[in-house]
Engineer: 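I'd like to ask some things about the structure below.
Both counts, for ligands and for their atoms, begin at 1 and track the order of listing. Source: prediction; values computed, not measured. Numbering starts at 1 and runs along the sequence shown. Values reported hereafter were calculated over all heavy atoms of this structure, with side chains retained and with hydrogens, waters and symmetry mates removed.
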Amino acid sequence: MKVLVTGGAGFVGSHLVDELAKKHEVVIYDNLEPQVHKNVPEYLNSDAVFVQEDVRNRTKLNEAVEGSDIIFHEAAMVGVGQSMYQVEKYMDVNTMGTAKLLDILANEEHNVKKLIVASSMSIYGEGKYECPDCGIIHPMLRSNEQLKKREWEMKCPNCDRVVKPVPTDENKTLQPTSIYAISKKDQEEMCLAVGRAYGIPAVALRYFNIYGPRQALSNPYTGVCAIFSSRIKNNNPPIIFEDGLQTRDFVSVHDIVRANLLVMEKSKADYEMFNVGTGKPVSILDIASTLSKLYGKNLKPEIVEKYRSGDIRHCYADISKIKKLGFKPEVT
Ligand code: UD1
């Protein structure tokens with residue numbers, strides 16, 4: 001089969017290409033965004049055809065789509081914080097780039113049989129919680145007043161009691177709190193809607209916090225694992241915001257690839273969205289000490305009790321939906 005991977009030189013895309021290229025003819029479509037790549041990356045799979053182009057170039061994108069049976073749409077600007085001051089660029093690349101792809105699928109001749117789009121846990125905003133009095137709640141972000149008082153845990157919006165995080169499933173209300181998250185929600189909803197309308201099976205994968213080799217350490221807009229890694233490698237202690245007990249669901253890029261290959265093969269996945277995580281919450285403090293240990297350094301993390309405006313407190317995945325397809329995270 002002929003497979004097109006937009007963003008195929010990136011962190012997730014390149015690992016996906018490596019697996020796909022073992023069995024399929026693969027085209028990598030990637031503009032080599034300068035914030036991520038200084039040169040053509042050494043790891044770029046030489047069995048794949050490489051097209052250095054931007055998803056906003058409709059003519060070139062059309063040429064790439066024309067010969068494809070399957071499309072993985074991984075190309076995106078990925079900085080949450082950066083999206084708040086490069087609003088136009090993020091909407092242009094993520095939302096409008098996807099609009100171009102879908103416009104091609106709707107109007108041009110092609111053989112595309114499946115479209116898999118990279119969505120994100122960021123579209124949930126805060127995770128799902130349980131209040132001892134009020135039951136399941138889907139709260140908004142903590143207020144600045146609360147954070148200024150250094151009261152880090154989430155409180156029930158109804159009764160103000162501290163609430164407990166529970167696994168976040170796909171039915172949780174979507175409350176994107178950044179332009180990046182809004183653009184990811186757009187990408188997901190647009191792909192599913194156009195897919196349904198034209199009978200092109202589309203699947204959206206809501207990636208949780210991904211880590212692994214090739215994550216751009218030099219890019220300040222990647223996640224906490226990359227930030228801590230680069231500090232530890234330079235003998236600087238990780239800097240912990242809040243109290244370090246906030247949690248996320250850290251999932252290996254190799255498991256993310258497995259999820260992509262699974263939904264490619266399973267028609268039961270068509271027109272659906274799935275969380276991809278491990279289902280296990282891990283605290284930021286744990287991440288700091290685990291990374292220090294793995295790099296063989298004894299660096300005590302600095303808990304500065306500052307906070308990042310717009311941060312969520314807890315979110316980890318309920319992965320029962322994708323488990324039903326046969327997914328099992330393999331990397332701890
Ligand atoms: C956000 C996005 C997510 C994206 C990720 C990486 C949301 C809800 N989620 O996730 O989609 O994949 O960014 O771009 O928008 N932290 C420290 N010290 C640091 C850096 C971070 O303590 O030096 C803490 C943060 O305060 C936060 C946690 O680590 O509590 C995780 O931060 P980060 O890796 O940026 O990810 P998210 O906020 O989960």
Engineer: Compute the shortest N/O to N/O distance between I240 and ligand 1 and return yes if it is under 3.5 Å, no if not.
Structural biologist: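 No; every N/O pair is 3.5 Å or more apart.
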
Engineer: Anything under 30° is parallel, anything over 60° is perpendicular, the rest tilted; go ahead and classify Y124 against F208.
Structural biologist: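 Y124 and F208: tilted rings.
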
Engineer: To which of Q82, R248, K184, H314 does the heavy atom nearest atom 38 (O) of ligand 1 belong?
Structural biologist: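 Among Q82, R248, K184, H314, the closest heavy atom to atom 38 (O) of ligand 1 belongs to R248.
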
Engineer: Could you tell me whether some N/O pair between T222 and ligand 1 is separated by less than 3.5 angstrom?
Structural biologist: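 Not met; the criterion fails.
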
Engineer: At the 4.0 Å heavy-atom cut-off, does A181 count as touching ligand 1?
Structural biologist: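 No heavy atom of A181 comes that close to ligand 1.
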
Engineer: Determine, for K184 against E188, whether the closest basic-nitrogen to carboxylate-oxygen distance falls under 4.0 angstrom.
Structural biologist: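 Between E188 and K184 there is no salt bridge, as every charged N stays at least 4.0 Å from the carboxylate O atoms.
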
Engineer: Using the salt bridge (charged side-chain N to carboxylate O under 4.0 Å, His left out) rule, pick out the option among K266, R196, K321 that qualifies with E272.
Structural biologist: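 That would be K321; it is the only one of K266, R196, K321 passing the salt bridge (charged side-chain N to carboxylate O under 4.0 Å, His left out) with E272.
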
Engineer: Does any N or O atom in Q246 lie less than 3.5 angstrom from one in ligand 1, N or O only?
Structural biologist: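 The answer is yes, given that Q246 and ligand 1 share an N or O pair closer than 3.5 Å.
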
Engineer: Relative to atom 10 (O) of ligand 1, which among I227, N209, T247 owns the nearest non-hydrogen atom?
Structural biologist: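 Of the listed residues, N209 has the closest heavy atom.
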
Engineer: Any salt bridge linking R58 with D103? Criterion: basic side-chain nitrogen under 4.0 Å from a carboxylate oxygen.
Structural biologist: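 D103 and R58: salt-bridged.
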
Engineer: Please classify the D311 to ligand 1 contact at 4.0 Å (heavy-atom distances, strictly less than): side chain, backbone, both or neither.
Structural biologist: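 Side chain only.
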
Engineer: Taking only heavy atoms of G223 into account, list the atoms of ligand 1 that are under 4.0 Å away from them.
Structural biologist: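 Close to G223: 6 (C), 34 (O).
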
Engineer: In terms of atom number and element, which parts of ligand 1 are under 4.0 angstrom from non-hydrogen atoms of I239?
Structural biologist: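 So the atoms of ligand 1 that pass are 17 (C), 18 (N), 19 (C), 22 (O), 23 (O).
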
Engineer: Is I210 touching ligand 1 with its side chain, its backbone, both, or neither, if touching means heavy atoms under 4.0 Å apart?
Structural biologist: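 The answer is neither.
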
Engineer: Of N209, N275, T278, which meets side-chain hydrogen bond (donor to acceptor under 3.5 Å, both in side chains) against D249?
Structural biologist: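 Going through N209, N275, T278 one by one, the side-chain hydrogen bond (donor to acceptor under 3.5 Å, both in side chains) with D249 is satisfied by T278 alone.
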
Engineer: Suppose I only count heavy atoms of S120 and a 4.0 Å limit; which atoms of ligand 1 are within that range?
Structural biologist: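 Listed by number with element: 11 (O).
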
Engineer: Hey, are K89 and E33 close enough for a salt bridge, meaning a charged N less than 4.0 Å from a carboxylate O?
Structural biologist: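 Here K89 pairs with E33 in a salt bridge, since their nearest N and O are under 4.0 Å apart.
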
Engineer: With a 4.0 Å cut-off, would you call E126 and R313 a salt bridge?
Structural biologist: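 Answer for the salt bridge query: no.
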
Engineer: Of the side chain and backbone of S122, name the one, both, or neither that has a heavy atom under 4.0 Å from an atom of ligand 1.
Structural biologist: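 Under 4.0 Å from ligand 1, S122 contributes backbone and side-chain atoms.
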
Engineer: Determine whether any heavy atom of F228 lies closer than 4.0 Å to an atom of ligand 1.
Structural biologist: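 Contact present.
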
Engineer: Taking the side chain from S68 and the backbone from K2, do they hold a donor-acceptor pair closer than 3.5 Å?
Structural biologist: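 Flag not set: sc S68 to bb K2 has no pair under 3.5 Å.
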
Engineer: Does atom 16 (N) of ligand 1 have any protein heavy atom closer than 4.0 Å?
Structural biologist: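 So far as the 4.0 Å threshold goes, atom 16 (N) of ligand 1 is in reach of a protein heavy atom.
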
Engineer: To check your reading of the model: name the closest protein heavy atom to atom 22 (O) of ligand 1, its residue, and the distance in Å.
Structural biologist: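 For atom 22 (O) of ligand 1, the nearest protein heavy atom is F241 N, 2.8 Å.
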
Engineer: In terms of hydrophobic clusters joined by side-chain contacts under 4.5 Å, are Y307 and V162 together?
Structural biologist: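 Different clusters.
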
Engineer: Could you list the atoms of ligand 1 found under 4.0 angstrom from a heavy atom of M121?
Structural biologist: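 With M121 as reference, the close atoms of ligand 1 come out as 3 (C), 9 (N), 11 (O).
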
Engineer: With a 4.5 Å cut-off on side-chain heavy-atom distances among I, L, V, M, F, W and Y, is there a chain of contacts connecting V51 to L4?
Structural biologist: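 Hydrophobic grouping puts V51 with L4.
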
